[in-house]
Amino acid sequence: MRRAKISIIGAGNVGATCAHWCAAAELGDIVLLDIPATEDMPAGKALDLRQASPIMGFDSSVIGTTSYDDTAGSDVIVVTAGIPRKPGMSRDDLLATNAKIVTSVGEQIKATSPDAVVIVVSNPLDAMVQQMWKVTGFDSAKVCGQAGVLDTARYRTFLAMELGVSVEDISALLMGGHGDTMVPIPSCTSVGGIPITQLIDPARLEEIVERTRKGGAEIVSLLKTGSAYYAPAAACAQMVEAVVKDKKRCIPVAALCHDEYNVGGYYVGVPAIMGTGGVEKIIELSLTESETADFQNSVDAVKSLVATMDELLANG
Ligand SMILES: NC(=O)c1ccc[n+]([C@@H]2O[C@H](COP(=O)([O-])OP(=O)(O)OC[C@H]3O[C@@H](n4cnc5c(N)ncnc54)[C@H](O)[C@@H]3O)[C@@H](O)[C@H]2O)c1
Ligand SMILES: O=C(O)C[C@H](O)C(=O)O
């Protein structure tokens, strides 16, 4: 049986770090691709990573390239191509540049890896994954976005820091778009099975949620030259693992929702089962009145961004 073929488009901070996590976990053979203008950079990073294999004990092959021919027939593709934000910018400020990049990447993926599960990471996430789905024309189950695993990991980290407990004992769910409007679901957040509302008072919980919502900006303001990559890349690797090992992970994913939650044909963060087929099932929870209103608000923000993107792309 052959190993899974995992291609990562964009060999920058998130892409190269994702290659690192995937190789170390021996999830498959990895192809790291960047634009020709970066010359031999992807080959250099790939060779460097491969030379870590005798020390770390993995047999995954890692190659770097600027040609989509090397990615042909991929089982999973992680798309990290695009510019990151800098202090003072919002993710939405990346829309015009990254929509064009994601469009060109999608065209290449469609031509070379028609059966791949595509995990989009480029920002603004929900609009970029919508565009990837439109350009590839793939079954929507095969095109999804990474944001919720990262946002939930941040939330779990902050809750563990607050309570002085293991992160492993915290289970949590955030829904909606990857942005300031993300929606916490307290009824799905617990510590060792104990509802979070019994451990933290509502005002303090709201402060932790607010820090989570602004989690990306907090890292940007510390790094100053770009945005987070260790945790985002680990989140992508978890989704890759779900596909290549058919794990049936129940995780928050940016998935195309039609009737689900009355979204009406947009990508937005929802709990889903992820396996070899990609997003195999979207889970519909019954939300409270205020959660429904907050989720709708988040969906409206995504819809308006997609409309702006479509207008920008139509006008060249
Ligand atoms: N969804 C999330 O949770 C999440 C988390 C972190 C970062 N991001 C986003 O991921 C993207 C990448 O972030 P980063 O920190 O790795 O940036 P980076 O600048 O380090 O790397 C981006 C890479 O993409 C490459 N690239 C540009 N155009 C390309 C194209 N057409 N084809 C192939 N490669 C191309 C660049 O040359 C660069 O090497 C950004 O848009 C960022 O906002 C999203
Ligand atoms: O904040 C960013 O711009 C990158 C990413 O979306 C994140 O949440 O870290």
Side-chain angles (χ1 to χ4, degrees), residues 7-20 31-46 64-68 70-71 77-109 112 119-129 131-132 135 144-155 157 174 177-180 182 211-239 251-254 267-269:
S7 292
I8 300 172
I9 313 301
N13 283 335
V14 179
T17 312
C18 182
H20 180 176
V31 180
L32 192 54
L33 180 143
D34 211 291
I35 40 174
T38 58
E39 299 184 341
D40 294 329
M41 177 274 276
K45 288 194 180 182
T65 185
T66 57
S67 164
Y68 278 86
D70 294 316
T71 69
I77 303 189
V78 181
V79 178
T80 74
I83 54 167
R85 61 174 161 159
K86 296 212 168 106
M89 293 171 81
S90 78
R91 295 183 184 95
D92 295 358
D93 293 334
L94 311 172
L95 184 71
T97 304
N98 286 354
K100 288 190 189 137
I101 291 175
V102 166
T103 301
S104 78
V105 170
E107 284 161 356
Q108 301 276 5
I109 291 174
T112 49
I119 301 167
V120 179
V121 188
S122 317
N123 270 321
L125 189 274
D126 305 277
M128 293 304 104
V129 63
Q131 181 64 7
M132 178 60 71
V135 173
C144 62
Q146 186 298 116
V149 175
L150 169 66
D151 294 330
T152 309
R154 286 184 173 141
Y155 190 35
T157 305
L174 294 158
H178 181 48
D180 297 352
M182 66 181 83
R211 186 173 180 193
T212 305
R213 285 199 181 105
K214 305 224 155 55
E218 184 176 1
I219 304 284
V220 169
S221 73
L222 292 166
L223 292 181
K224 300 190 174 61
T225 52
S227 54
Y229 51 100
Y230 291 113
C236 297
Q238 184 177 86
M239 293 175 76
I251 48 179
V253 177
Y267 274 86
V268 66

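Start at 1 and go down the list; that is how both ligands and their atoms are numbered. Keep in mind it's a predicted model, so treat the numbers as computed, not measured. These numbers come from the heavy atoms of this one structure, side chains and all, not from hydrogens, waters or symmetry mates.
- Of all the listed residues (V121, I8, T38, T97), V121 holds the heavy atom that lies closest to atom 44 (C) of ligand 1.
- Of the polar atoms of N98, at least one N or O is found under 3.5 Å from an N or O of ligand 1, judged by distance alone.
- By the 3.5 Å distance cut-off applied to N or O atoms, L33 is not counted among the residues near ligand 1.
- Among all protein heavy atoms, the one lying closest to atom 16 (O) of ligand 1 is V14 N, 2.8 Å.
- Polar contact with ligand 1: absent for Y229 (N/O pair, distance under 3.5 Å).
- Near G216, with a cut-off below 4.0 Å to any heavy atom, the atoms of ligand 2 are 1 (O), 7 (C), 8 (O), 9 (O).
- Partner of T65 under the side chain to side chain donor-acceptor pair (under 3.5 Å) criterion, chosen from D40, D34, D70: D70.
- Proximity of A228 to ligand 1, defined as any heavy-atom pair under 4.0 Å, is confined to the backbone N, CA, C and O atoms.
- Between M128 and the choices N123, V79, V121, L95, the side chain to side chain contact (heavy atoms under 4.5 Å, CB included) rule is met once, by L95.
- Nearest approach of L150 to P232, heavy atoms of both residues: CD1-N, 3.7 Å.
- Nearest to atom 4 (C) of ligand 2 by heavy-atom distance, out of L94, I83, N123, is N123.
- For ligand 1, the polar-atom distance check against D34 finds a nitrogen or oxygen pair separated by under 3.5 Å.
- Heavy-atom proximity to I35, at under 4.0 Å, picks out these atoms of ligand 1: 29 (C), 30 (C), 31 (N), 32 (N), 33 (C), 34 (N), 35 (C), 37 (O).
- Nearest protein neighbour of atom 19 (O) of ligand 1, counting heavy atoms only, is P84 CD, 3.5 Å.
- Residue L150 touches ligand 2 through its side chain alone, judged by heavy-atom distances below 4.0 Å.
- Residue I101 approaches ligand 1 through these ligand atoms, each under 4.0 Å from one of its heavy atoms: 28 (N), 29 (C), 30 (C), 31 (N).
- Among all non-hydrogen protein atoms, the one lying nearest atom 6 (O) of ligand 2 is H178 NE2, 2.6 Å.
- Only the side chain of L150 comes within contact range of ligand 1, with a heavy atom under 4.0 Å; no backbone atom does.
- Looking at heavy atoms from C-beta onward, M89 lies in side-chain contact with L94 at the 4.5 angstrom threshold.
- Remark: minimum distance from atom 43 (O) of ligand 1 to any protein heavy atom is reached at N123 ND2, 2.9 Å.
- For the pair S104 (side chain) and I101 (backbone), a donor-acceptor distance under 3.5 Å is present.
- Atoms of ligand 2 lying under 4.0 Å from any heavy atom of A228, numbered from 1 in the order shown and given with element: 9 (O).
- At a heavy-atom distance under 4.0 Å, only side-chain atoms of P232, from C-beta outward, approach ligand 1.
- The backbone N or O of I9 sits less than 3.5 Å from a side-chain atom of T80, completing a donor-acceptor pair.
- Closest to atom 41 (O) of ligand 1 among all protein heavy atoms lies I83 O, 2.8 Å.
- Of the N or O atoms in Q146, one or more lie within a sub-3.5 Å distance of an N or O in ligand 1.
- Looking at heavy atoms from C-beta onward, L32 lies in side-chain contact with K45 at the 4.5 angstrom threshold.
- Among all heavy-atom pairs drawn from R85 and G216, the shortest one is NH2-C, 3.6 Å.
- Residue contact check: L125 has heavy atoms under 4.0 Å from atoms 1 (N) of ligand 1.
- Here the protein heavy atom with the shortest distance to atom 12 (C) of ligand 1 is T80 O, 3.1 Å.
- For ligand 1, the atoms sitting less than 4.0 Å from at least one non-hydrogen atom of L94 are 43 (O), numbered in the order shown with element in parentheses.
- Less than 4.0 angstrom separates some heavy atom of R85 from each of these atoms of ligand 2: 1 (O), 2 (C), 3 (O).
- Within the 3.5 Å criterion, the main-chain N or O of P84 finds no donor-acceptor partner in the side chain of S227.
- Considering OG of S122 and CG of N98, their distance stands at 6.0 Å, rounded to 0.5 Å.
- Looking only at protein heavy atoms, the nearest one to atom 22 (C) of ligand 1 is G82 O, 3.2 Å.
- With a 4.0 Å heavy-atom cut-off, ligand 2 is reached by no atom of M182.
- The shortest N or O to N or O distance between A81 and ligand 1 is not under 3.5 Å.
- The distance from ligand 2 to the heavy atoms of S227 drops below 4.0 Å at these ligand atoms: 2 (C), 3 (O), 4 (C).
- Residue, atom and distance of the protein heavy atom nearest to atom 21 (O) of ligand 1 are G12 CA, 3.2 Å.
- For the atom pair CE (M132) and CG (L125), the distance works out to 11.0 Å, reported to the nearest 0.5 Å.
- Once rounded to the nearest 0.5 Å, the distance linking OG of S67 with CD of Q108 reads 8.5 Å.
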Q. Where do D151 and H178 land on the side chain to side chain contact (heavy atoms under 4.5 Å, CB included) test, with the steps shown first?
A. CA-CA 8 Å; D151 294 330; H178 181 48; 3.0 Å; yes
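- Between Y68 and V105 the shortest side-chain heavy-atom distance falls below 4.5 Å.
- Where the criterion is an N or O separation shorter than 3.5 Å, residue side chain and backbone included, N13 meets it with respect to ligand 1.
- When all heavy atoms are compared, the tightest approach of C18 to A233 is N-CB, 3.4 Å.
- Interface atoms of ligand 1 facing G10, defined by a heavy-atom separation under 4.0 Å, are 24 (O), 34 (N).
- Looking only at side-chain heavy atoms (C-beta outward), T103 and Q131 come within less than 4.5 Å of each other.
- When all heavy atoms are compared, the tightest approach of I219 to R154 is CG1-NH2, 4.3 Å.
- What sits closest to atom 9 (O) of ligand 2 on the protein, heavy atoms only, is R154 NH2, 2.7 Å.
- In terms of heavy-atom proximity, A11 sits nearest to P42 at CB-CB, 4.2 Å.
- Taking the side chain as every heavy atom from C-beta outward, M239 and V253 approach each other to under 4.5 Å.
- Heavy-atom proximity to I9, at under 4.0 Å, picks out these atoms of ligand 1: 33 (C).
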